[in-house]
Amino acid sequence: MTATDTESKRSDEVAITPFGLVWDLMTSPVTFMLNSSVLGILIALGTYVGQGMTEDELLLERTFAGTRALLGLGLNDLTQSWLVWLMSLLVLLNLVGIALRHIGLTPLAQRRWEGPGVGYASWDDPRTIDELRGALKSTLGHTAQRGAAVVSRRGYWLEGLCVVSVGALCLLSALIITASSGMEARLGLPGGGPAPSADAAPTLAVRVLEDGMWIERQLPFTARCTETALVDPRRGWRCTLARTVSGPPGAPPVVDEVALNLGPQWPADAFGLTFHIDRERPTPGQPGRLRIVDRASATEKLVYSGPAGRTATLPDGHALTTFAGPDGPLVVVTPPDAPSYLLTPAVDAYAAPAQVGEAALAAVSPWWLTLRASRRPGGALLWTGLGLVLLGLLVLIVPRHVVVVAQPGDGGVTVRAWSFNRSGAAAELQSALSSPTGGTS
Amino acid sequence: MMGRLIAVVLAASAVAVEVTGSSPGGPGFSLALAALIASHRTTGALASLLAVAALGVSLGDGDPTLLSPMAWLGHVMLGVAMGVVARHADGPTVRASYGQPSVLLVGIIAMAAFTAILPDGLVHWMNADGTPLQLSMTLSEPASAKQLPVLVPATLAYAAPLAAISDWAIWLAALAGLLVTLSALMTQGLMTRVATASVVILAAALVTPAVADLVELAGGGPVALPSAAELIVELGWTSGGVTGLTLQSLPEQGHLTFASRPVTSTLRLAIGLALLLWLWTRRTGRPALNVQPVAQSWTWVGVAAGLVAWFGFMAFVSGARADAVAPWGPDPVAYSALAGAVIVFAAGIGGLFDERSARWATALELLALGIWCCGLVAPTAGWLSV
């Protein structure tokens with residue numbers, strides 16, 4: 001063995017390859033300890049997150065976002081949590097890897113991943129074209145005659161290319177269909193408050209995305225949304241959409257009304273559109289302003305509007321002092337001849353108002369809501385195309401590809417080999433075919 | 001030597017408080033046991049911090065419920081395990097304060113940031129005799145004309161003394177962490193001095209309010225309670241969405257004990273002292289370490305594996321079988337016990353191979369100690385789900 005060979009062997013041993021990197025990472029004691037730490041921290045959360053608690057019970061203690069995160073990770077039941085199982089599996093794999101590495105069973109560590117990459121090799125073979133055809137057939141499986149040349153291939157490069165092309169066509173079609181017949185609109189709505197009067201304009205001014213630009217348009221329906229926090233532990237909005245459609249000839253128009261329950265993660269469909277909560281924010285210019293209305297009469301009467309801590313007196317002598325609570329205003333009611341007590345007026349138009357004397361108190365939500373209404377007819381095609389592209393890429397990359405063209409010449413056969421997903425495959429084929437037993441293995 | 005002495009004195013005091021209290025044993029006893037074990041033939045750095053926590057938790061543990069024999073055994077085992085782990089980690093930790101001072105310091109600062117954000121705004125008010133103060137009120141629903149008289153514990157918002165400083169502690173921790181990291185990268189004298197100054201300020205911001213709070217709690221009171229209008233709103237906040245509240249008879253004043261406020265001040269004091277200890281060891285120079293390993297590594301792994309099995313059994317045993325075989329489980333604290341045991345097991349395995357992984361193993365042991373401490377104080381601090 002020469003000095004150059006020794007140097008080359010050493011550089012091969014220390015070369016970082018993707019497989020070697022993953023192997024080193026998975027068999028490292030430090031990785032094992034880090035993964036175990038994450039697993040331990042997850043298990044420790046069982047002390048602070050009640051195990052077996054339902055969503056409603058969690059919502060009583062935590063925010064909506066925190067509850068959704070805990071449920072999504074399954075941390076309310078550690079024995080069923082996918083994250084705990086995933087980390088346990090990783091820890092187990094680390095442990096097995098460490099055992100294999102330190103017991104000496106490390107054959108996998110010596111295998112090298114030589115791709116992906118493009119490989120090419122060309123050489124002259126002294127055999128005849130028929131002898132070479134036999135060698136190629138025994139090595140690659142089958143051969144085909146193209147004129148004077150013999151062609152043979154391994155892998156599914158062509159099939160993968162076809163699948164990717166079909167997927168790309170689907171994606172392009174989805175984009176064209178969505179751009180030509182899709183729609184996206186933003187609807188700005190005040191949350192809660194009195195219902196719109198019957199003679200209100202039947203259309204809603206919105207911003208619509210058309211041809212890549214947001215323009216002002218009108219949608220042929222009305223919308224009104226109220227918070228559901230007090231009647232439904234899942235925080236969200238209940239929206240009522242109404243549109244007026246022309247009835248049969250001679251008949252009056254028909255009002256088509258749809259009620260939707262929307263939340264930050266719960267879209268709903270109506271009128272051929274999908275509605276999402278796009279943004280929630282306090283009413284501009286009114287941060288911290290509390291508004292209490294009296295619903296006892298047919299027309300709602302505003303009995304309090306102002307910052308927290310002030311007192312308003314109802315006509316029957318009840319004094320109302322408001323405070324900002326976690327789920328809406330809190331009101332301390334002081335009757336004329338009785339001790340004070342606390343009320344939490346409903347902020348939902350659908351909930352029963354709190355009765356104080358002759359008044360029926362409800363709080364008006366200070367929130368402003370933006371709904372996103374969208375119609376994307378190319379959605380299914382988009383996902384199909386994406387799936388096909390991913391599948392095609394897998395087919396292109398994973399099976400080992402090599403194609404060989406053998407052409408008879410004056411002094412023998414000229415062989416050219418390509419591989420489009422392994423950099424060393426062509427050279428390996430060359431050495432396999434050039435060996436004394438070439439093509440028989 | 002001084003650290004070991006402090007640890008033994010404080011731990012013995014904690015044990016005395018526990019033994020003479022209404023419910024001997026529990027978190028304070030476990031921490032005291034851990035401190036006593038960890039103080040044997042070590043520098044006493046970790047043992048003294050455990051002892052501070054033990055005394056604070058013992059004084060603040062107002063739960064008069066007696067532990068079952070199995071739960072008591074579980075707490076004792078946890079205390080022994082903590083002591084052994086702390087004793088094992090003590091020498092490498094002190095060595096790390098010289099070898100990799102910035103890494104250890106950033107870890108302590110991260111813990112300081114964690115303790116700085118712990119909620120401490122609510123106080124359990126007490127009667128003059130130390131029993132919990134209760135408020136008599138009526139829950140009413142005017143819409144359905146129903147009324148229900150109830151007694152609720154007087155748990156009200158009451159800011160700790162120097163709370164404004166505590167509010168700044170999280171930002172001071174972030175600043176100190178940044179400066180320490182920068183000083184480690186830049187290795188300039190001026191930057192090192194600035195970083196050290198920021199650590200001093202952070203330690204002061206943790207220790208001073210904590211001591212002030214503990215002094216106020218030790219003073220006891222009486223303290224005037226809020227007015228009726230404020231109290232009724234406060235109770236509405238804490239009682240979570242009741243329709244109507246009417247107070248029947250309002251006490252004018254309440255008293256404070258160590259059990260009135262969660263153990264946040266104790267934890268902040270311990271972490272602040274850890275920062276001061278780090279600064280002190282940097283000033284005094286490298287101590288003579290003569291720490292004998294407590295066990296061979298494979299013995300260590302075996303003990304840790306046994307702990308995993310034991311705590312895992314208690315954490316995940318079914319409710320139906322718990323009465324028969326493990327009265328301590330399923331208990332929320334058992335999850336922290338199991339988590340720490342898993343991490344210690346990983347540290348035992350991972351630390352077998354080379355010097356680098358042994359350093360990581362020490363960090364894991366400190367993490368396990370932190371998880372065990374937090375789990376032990378969780379019931380006292382009110383961090384458990386209701």
Side-chain angles (χ1 to χ4, degrees), chain A residues 28-53 57-58 60-62 76 78-79 88 91 94-95 98 101-102 230 308 321-328 330-334 338-344 352-357 360, chain B residues 138 140-143 228-230 232-233 235-237 239-248 312 315-316 319 330-347 349-354 356-358 360-361 363-364 367-368 371-372 374-375 378-379 383-386:
Chain A
S28 163
V30 175
T31 308
F32 169 66
M33 287 192 279
L34 287 177
N35 285 337
S36 299
S37 299
V38 175
L39 177 64
I41 290 170
L42 288 175
I43 293 174
L45 290 177
T47 299
Y48 314 101
V49 180
Q51 295 302 289
M53 289 179 84
E57 291 167 339
L58 286 170
L60 290 176
E61 296 184 358
R62 298 170 198 280
N76 61 329
L78 288 174
T79 56
S88 305
V91 167
N94 291 148
L95 209 52
I98 289 174
R101 185 172 192 145
H102 290 277
L230 288 190
T321 306
T322 61
F323 297 88
D327 295 323
L330 299 173
V331 178
V332 173
V333 181
T334 308
S340 302
Y341 60 90
L342 183 76
L343 276 184
T344 53
Q355 201 70 32
V356 175
Chain B
T138 303
S140 58
E141 292 191 30
E230 292 170 334
I232 203 168
V233 171
L235 290 169
W237 275 80
S239 57
V242 292
T243 304
L245 286 177
T246 307
L247 279 175
Q248 297 300 332
F316 292 108
D331 184 282
V333 180
Y335 290 99
S336 289
L338 172 64
V342 167
I343 294 172
V344 168
F345 175 71
I349 291 277
L352 288 173
F353 298 101
D354 52 31
R356 177 167 164 266
S357 55
W360 277 93
L364 257 68
L367 176 66
I371 285 177
W372 274 336
C374 288
W383 297 338
L384 303 182
S385 289
V386 180

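By convention in this document, chain letters (A, B, ...) are assigned in the order of the sequence lines, proteins followed by strands, and residues within each chain are numbered from 1. The model shown is predicted, which means the values in this text are computed figures rather than measured ones.
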A.B. asks: Enter the distance from B:L352:CG to A:I98:CD1 here, rounded to the nearest 0.5 Å.
C.D. replies: 9.5 Å
A.B. asks: Which pair of non-hydrogen atoms, one from A:T47 and one from B:P332, has the smallest distance, and what is that distance?
C.D. replies: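 Looking at all heavy atoms of both residues, the closest pair is OG1-O, 2.6 Å.
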A.B. asks: So for A:L34, is it side chain, backbone, both, or neither that comes closer than 4.5 Å to the heavy atoms of chain B?
C.D. replies: side chain
A.B. asks: Please classify the contact of B:A361 with chain A as side chain, backbone, both or neither, using a heavy-atom distance under 4.5 Å.
C.D. replies: both
A.B. asks: For A:P29 versus B:G350, what's the shortest heavy-atom pair and its separation?
C.D. replies: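 Reported closest heavy-atom pair: CB-O, 3.8 Å.
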A.B. asks: Can you spot which of A:V49, A:L45, A:L78 makes a side chain to side chain contact (heavy atoms under 4.5 Å, CB included) with B:Y335?
C.D. replies: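 Between B:Y335 and the candidates, side chain to side chain contact (heavy atoms under 4.5 Å, CB included) is satisfied uniquely by A:L78.
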A.B. asks: For A:A44 and B:I371, which heavy atoms make the closest approach, and how far apart are they?
C.D. replies: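 Closest approach of A:A44 to B:I371: CB-CG2, 3.8 Å.
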A.B. asks: Taking all non-hydrogen atoms of both residues into account, name the closest pair between B:I343 and A:I41 and its distance.
C.D. replies: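 B:I343 and A:I41 have their closest heavy atoms at CD1-N, 4.5 Å.
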A.B. asks: Using side-chain contact (heavy atoms from CB on, under 4.5 Å) as the criterion, list what pairs up with A:S36, not counting sequence neighbours.
C.D. replies: A:F32, A:V91, B:A346
A.B. asks: Counting only heavy atoms closer than 4.5 Å, note whether A:L95 contacts chain B via side chain, backbone, both or neither.
C.D. replies: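 A:L95 touches chain B through side-chain heavy atoms alone.
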A.B. asks: Any idea which heavy atoms bring B:G375 and A:Y48 closest together, and the distance?
C.D. replies: N-OH, 3.4 Å
A.B. asks: Taking only residues two or more places apart in sequence or in another chain, which ones pass side-chain contact (heavy atoms from CB on, under 4.5 Å) with B:A363?
C.D. replies: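 B:A363: no side-chain contact (heavy atoms from CB on, under 4.5 Å) contacts found.
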